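Worksheet: one structure, shown below.
For clarity, every value in this text was computed on a predicted model and none was experimentally measured. In the text below, chain A, chain B and the rest are named by the order of the sequence lines, each starting its count at 1.
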Amino acid sequence: MKEQVSQLILQALDTLVQQGQLPGDLPDRVQIDRTRDPSHGDLASNVALGLARAAGKKPRELAALICEALPQAGFIARTEIAGPGFINFFLSGASSQAVIQRILEQREAFGTSRLGEGRKVQVEYVSANPTGPLHVGHGRGAAVGDCICRLLQATGWNVTREFYYNDAGQQITNLALSVQARCKGLGPGDPSWPEDGYRGDYIEEVARAYLRGDRIDATDQHVSGAADPEDLDSIRRFAVAYLRREQDLDLQAFAVHFDNYFLESSLYDNGEVEATVQRLIERGHTYELDGALWLRTTDFGDDKDRVMRKSEGGYTYFLPDVAYHLNKWNRGFVRVINEQGADHHSTVTRVRAGLQALESGIPEGWPDYVLHQMVTVMRDGEEVKLSKRAGSYVTLRDLIDEVGRDATRYFLAARAANSQLTFDINLAMSQSNDNPVYYIQYAHARACSVMRRLEEQGWEWTEEAALANLDALTEEHEKALLRQLDRYPEVVASAATSNEPHGVATYLRELAGDFHTCYNALKVLVEEPGLRDARIALSEAVRQVIANGLGLLGVSAPESM
RNA sequence: GCCCUCGUAGCUCAGUUGAAUAGAGCACUCCCCUCCUAAGGGAGAUGUCGCAGGUUUGAGUCCUGCCGAGGGCACCA
């Protein structure tokens, strides 16, 4: 619709140029906005404001000229010049009601698009090292990352969901040592407890399972406990598998899954790290200093150069990061989105710089990053900091168990990632109108109950009859709903383009609000068949859009509550 | 010290890529079920958009500086 109005204006501008009212160089597109205030019509354009200076006319005068030159179009009821020179467009009743037909035809597909054109996109998220249960921060990453994936799928991208982790290195050695200490009956208080060991109770569970010889099947790891407290390597493999499985269960409870698990160690095993170093050296962006090999990342916007190979011979973590992203590029992902905690933001410039230094045709600014800020959990007005099992942090599982999957997902995804989030447990659990999750779900359930009541009344409803009677929808509350429904595809497209799933949550809150208002003011199941059919169609359209939107957030749409 | 993010109603947050009187919800005051689930709705009140400049016909939105909050600044991952 925006596009059509835009075409009309462009034609009008063309006419004015031919009449000599406007100079020749015109924009090839004009801005059309949805109005905030219904008294301003449905759509508005600011062309006249923008072109007034070049035209040497006052904005309102120019707006009047443009309006006169507008070609006739059935979907426009009238236009109006307002404020400093806006042109407001009032859509005809039929064209605003037509959204219902589109929704009922397209159903689950309403709001989806082919923006992605089947191109390959990879989203990397969570990527927690297997050293303990997932914490709330991982939960935020899981919710945001998963919603981004759903949005990308809905807009026609070919999505791969990936989880990257490290099963070697210092952290994992530390983990193995901690489990070993537990195997030997030591606790965090003992003098021989490993320095910086993991202190949570779950370490003891790992140790017991290892000594029992349990078999562990995680999505990507399968191993049995060797039950030998002296075999550190065996303990390491077991602990990694155990905690990976632990995380799998957390993610499963959260309805988040991955297509691929990627091991940092594989980059060493198959020589990609070494090949990356060679490539960087060949390209001449490296130098040796104090026995270390440096990459001149300052050539690519970094504020200081970075060490790639330490003087003792080992690589810094920065290098596998670059190798990993080169690997992603080589797998053909034209778009890559990394969802991470903001505490990793310093890697952004570094990785991009490293990729530029490879001179492999990777675009500047690739990949995308979505960095989420910290989550603070509150209960009864006080900050919750500890979980019993993990020892030092609130786990994702704690939240899911306490407030449920739907509320947890909604709260973690409903806010812009780059702002700090306060997770209020009491609010998330409250079954009242305070709680946006229930508010939205209730709107869906209400629409479902309309259909149930319809059957109880013994009334018939057919789509054909309803679509023939849509012109009965003339009340302001109904119009507001129609406008809101019409916006949905744009909301989805914009959320997908900007990697901002919270836009969908905000939209659903508004749509549900408009529905409740309308529902309260106007009875759906009235005696008069034409009006009843039309209102049921409206209610059904709202239900469908809420279900679609909740689907994008991974939140259920219950038929009754 | 440098870098990143944030600062909007008492609280939690939106703000459609620069537009028309800045919006919701909660909390507060009143009101609405013989009526499709009141897990709902209506009315009222609520702001120097952190501060100060700048760009622009127009700034919550863009630029600069300052203040405040969080995070990051290793030959650690």
Side-chain angles (χ1 to χ4, degrees), chain A residues 31 33-37 39-40 44 46 49-50 52-53 58-59 82-86 88 129 131 166 168-172 174 264 289-294 302-304 306-318 320-321 341-349 371-374 376 378 411 414-422 424 427 430-439 441-443 445-454 456-457 487 490-491 494 497-498 502-503 505-507 509-510 512-513 515-526 535-536 539 560-561:
Chain A
Q31 187 182 328
D33 292 312
R34 284 176 188 282
T35 57
R36 256 188 282 254
D37 184 341
S39 71
H40 296 149
N46 59 4
L49 292 165
R53 178 184 288 257
K58 289 179 183 168
F86 292 101
N88 294 334
N129 283 341
T131 57
N166 188 2
Q170 193 49 47
Q171 275 188 44
I172 301 297
N174 216 349
E264 180 183 326
L289 181 68
D290 303 330
L293 183 65
W294 294 69
D302 204 354
D303 55 355
K304 58 177 102 160
R306 304 292 166 178
V307 170
M308 301 194 300
R309 192 169 57 220
K310 298 180 261 185
S311 51
E312 44 91 345
Y315 294 116
T316 59
Y317 71 98
F318 154 66
D321 273 359
D343 52 341
H344 290 97
H345 80 80
S346 61
T347 67
V348 176
T349 314
L371 304 177
H372 64 257
Q373 298 287 328
M374 278 195 153
T376 308
M378 304 288 285
F411 276 78
R415 305 258 144 83
N418 59 10
S419 73
Q420 289 168 348
L421 170 62
T422 305
D424 183 338
L427 178 61
S430 86
Q431 308 222 335
S432 71
N433 57 353
D434 309 8
N435 188 340
V437 187
Y438 286 92
Y439 184 85
Q441 289 181 322
Y442 180 45
R446 263 189 157 172
C448 291
S449 105
V450 166
M451 293 308 255
R452 283 194 297 271
R453 294 288 299 180
L454 175 78
E456 287 168 24
Q457 296 279 335
R487 268 180 66 205
E490 286 167 31
V491 169
S494 139
T497 304
S498 58
H502 75 280
T506 305
Y507 169 82
R509 185 71 179 69
E510 286 175 21
F515 180 70
H516 286 308
T517 300
C518 188
Y519 184 92
N520 228 271
L522 305 168
K523 196 169 163 71
V524 177
L525 299 176
V526 292
R535 285 192 177 158
I536 292 172
S539 162
S560 63
M561 301 186 71

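If you take CZ of A/R306 and C1' of B/G72, they are 11 Å apart, rounded to a whole angstrom. Between A/Y317 atom OH and B/C75 atom C1' there is a gap of 12 Å when expressed in whole angstrom units. Summarising the geometry, the separation between CD on A/Q373 and C1' on B/C4 is reported as 8 Å, rounded to the nearest angstrom. Counting to the nearest Å, the P atom of B/G72 and the NE2 atom of A/H344 are 9 Å from each other. The separation between A/F411 atom CZ and B/C11 atom C1' is 14 Å, rounded to whole Å. To the nearest angstrom, C1' of B/U5 lies 13 Å from NE2 of A/H372. Atom NZ of A/K523 is separated from atom P of B/A38 by 11 Å (rounded to the nearest Å). Distance CG (A/N435) to P (B/U12): 17 Å, rounded to an integer number of Å.
Nucleotides B/U8 and B/A59, compared at atom C1', are 14 Å apart to the nearest Å. Rounded to the nearest Å, the gap between the P atom of B/U12 and that of B/A77 is 38 Å. On the C1' atoms, B/U55 is 7 Å away from B/C63, given to the nearest whole Å. Between B/C13 and B/U46, the two C1' atoms lie 16 Å apart (nearest whole Å). Taking the P atom of each, B/C73 and B/C28 are spaced 44 Å apart, rounded to whole Å.
Judged by distance alone, with hydrogens and angles left aside, A/T316 brings no side-chain donor or acceptor close enough to the base of B/C75 to form a pair under 3.5 Å. Evaluation of atom-type donor-acceptor distances gives no pair under 3.5 Å for the side chain of A/Y442 against the base of B/A39.
In this structure, A/R487 and A/Y507 have side chains that are in contact, with non-hydrogen atoms separated by less than 4.5 Å.
The partner of B/A22 is absent, by the rule that a Watson-Crick or G-U pair needs both atom distances under 3.5 Å. With a cut-off of 3.5 Å on both Watson-Crick or G-U wobble distances, the partner of B/A69 is given as B/U5.
Listed here is the closest heavy atom pair of A/L49 and A/P59: CD2-CB, 3.9 Å. Taking each heavy atom of A/G341 and A/L371 in turn, the nearest pair found is O-CD2, 4.1 Å.
With A/N129 contributing its side chain and A/N166 its backbone, the two residues share a donor-acceptor pair below 3.5 Å. Proximity of a side-chain donor or acceptor of A/T316 to a complementary backbone N or O of A/V307 within less than 3.5 Å is detected. Without hydrogens or angle criteria, A/D290 side chain to A/A292 main chain gives no donor-acceptor distance under 3.5 Å.
Contact check, A/K310 against B/C76: a side-chain N or O comes under 4.0 Å of OP1 or OP2.
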Identify each atom pair where a protein N or O and an N or O of nucleotides 41-46 of chain B are less than 3.5 Å apart, giving names and distance.
from: B/G41; atom 1: OP1; to: A/Y439; atom 2: OH; distance (Å): 2.5
from: B/G41; atom 1: O4'; to: A/N520; atom 2: ND2; distance (Å): 3.1
from: B/G42; atom 1: OP1; to: A/T517; atom 2: OG1; distance (Å): 3.1

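Screening A/D424, A/V437, A/T422 against A/F411 for a side chain to side chain contact (heavy atoms under 4.5 Å, CB included) leaves a single residue, A/V437.
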At under 4.0 Å between heavy atoms, which parts of nucleotides 13-23 of chain B does protein reach? Answer with one letter per nucleotide, 5' to 3': B base, S sugar-phosphate only, - none. SSSB--BBB--

